[in-house]
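The structure appears below as structure tokens.
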Amino acid sequence: MKYNILGTFVFASFLAIVLVGCNGGNKKNTGISKKELDKILIDANKLQVAYDTQRVVSFIRLNQWNMKQTNSGIWYEILDTDNGPQIQKGDLVAITYRVNLLDGSFCYSSDSSGPKIFKVSRGGVESGLEEGILLLRGGDSARFIMPQYRAHHLLGDGDKIPPLSTIIYQLRVVEVASVKPAE
């Protein structure tokens, strides 16, 4: 079924591009309008999001995880809490982590690459991780399920995460440093 939805999306996109491109230098518009193309692409995107959501919900139920969903589509579960500082935008955070695909395939972990260190809300990591980390405190451990549109989008990461992949982050916040701007 994954390939049917993905195939439909690719076919609809290809067809729309061909129809728009076939107009060439003709003055008379015989192809698809921009408005129609936008509608086709929006409908294909909605179909993909609905399919991804269905897969994640089934996965969560199968594993009996107690997860909540944010408004943007990130699924999260805080596994252990600590009394560390609440993470804020601009903080420097270090996490240990493991990343898998929804099918269980291993992608990355801090065991081989060391802790991931990043400044919150400054980019450089998945947008889902940027959002999810703000739900945590120093010392907390959690799991996040990030649909492709909050992870690596249409293209994947060019290495171990394929295109259109939903990923699972299991992490622990090992350090939080508040970085105050100079006064």
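Keep in mind that the numbers below use all heavy atoms, side chains included, and drop hydrogens, waters and symmetry copies.
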Mind checking whether Val173 and Val93 have side chains closer than 4.5 Å, heavy atoms only? yes

Stepwise side-chain hydrogen bond (donor to acceptor under 3.5 Å, both in side chains) check, Ser113 with Tyr97: CA-CA 10 Å; Ser113 62; Tyr97 64 94; 2.7 Å; yes

For a 4.5 angstrom cut-off between non-hydrogen side-chain atoms, does Pro115 reach Ile95? no

Without swapping roles, check the side chain of Asp91 against the backbone of Gln88 for a donor-acceptor pair under 3.5 Å. yes

Say whether, by atom type as modelled, one donor and one acceptor occur between the side chain of Asp140 and the main chain of Arg137 under 3.5 angstrom. yes

Identify each donor-acceptor pair in which a side-chain atom of residues 149-159 lies under 3.5 Å from a protein atom, sequence neighbours left out, and give them as a table.
residue: Arg150; atom: NE; partner: Ser127; partner atom: OG; Å: 2.9
residue: Arg150; atom: NH1; partner: Ser72; partner atom: OG; Å: 2.5
residue: Arg150; atom: NH1; partner: Glu131; partner atom: OE1; Å: 2.6
residue: Arg150; atom: NH2; partner: Ser127; partner atom: O; Å: 2.9
residue: Arg150; atom: NH2; partner: Glu131; partner atom: OE1; Å: 3.3
residue: His152; atom: NE2; partner: Glu126; partner atom: OE2; Å: 3.0
residue: Asp157; atom: OD1; partner: Asp159; partner atom: N; Å: 2.8
residue: Asp157; atom: OD1; partner: Lys160; partner atom: N; Å: 3.1
residue: Asp157; atom: OD1; partner: Ile161; partner atom: N; Å: 2.9
residue: Asp157; atom: OD2; partner: Tyr108; partner atom: OH; Å: 2.4
residue: Asp159; atom: OD2; partner: Tyr108; partner atom: OH; Å: 3.4

Counting N and O atoms only, with roles assigned by atom type, does the side chain of Ser109 sit under 3.5 Å from a partner on the main chain of Asp111, one being a donor and the other an acceptor? yes

Close side-chain approach of Ile145 to Ile167, heavy-atom, < 4.5 Å: no

Look at the rings of Phe59 and Trp65 and say which category their plane angle falls in: under 30° parallel, 30 to 60° tilted, over 60° perpendicular. perpendicular

If you apply the rule side-chain hydrogen bond (donor to acceptor under 3.5 Å, both in side chains), what do you find for Lys46 with Tyr51, and how did you get there? CA-CA 9 Å; Lys46 285 179 182 178; Tyr51 174 73; over 6 Å; no

Point-to-point distance, once rounded to the nearest 0.5 Å, from OG1 of Thr96 to CG of Leu171: 7.5 Å

So, the side chain of Glu175 versus the backbone of Gly138: is there a donor-acceptor pair under 3.5 Å, distance only? no

From CZ (Arg61) to OG (Ser58), nearest 0.5 Å: 6.5 Å

Side-chain touch Trp75/Met146, heavy atoms, less than 4.5 angstrom: no

Is the closest basic N to carboxylate O distance between Arg172 and Asp80 below 4.0 Å? yes

Is it true that the side chains of Gln170 and Arg143 contain a donor and an acceptor less than 3.5 Å apart? yes

CA sep, side-chain torsions, deciding dist, call: Tyr76, Lys68, side chain to side chain contact (heavy atoms under 4.5 Å, CB included): CA-CA 5 Å; Tyr76 70 97; Lys68 298 175 185 171; 3.6 Å; yes

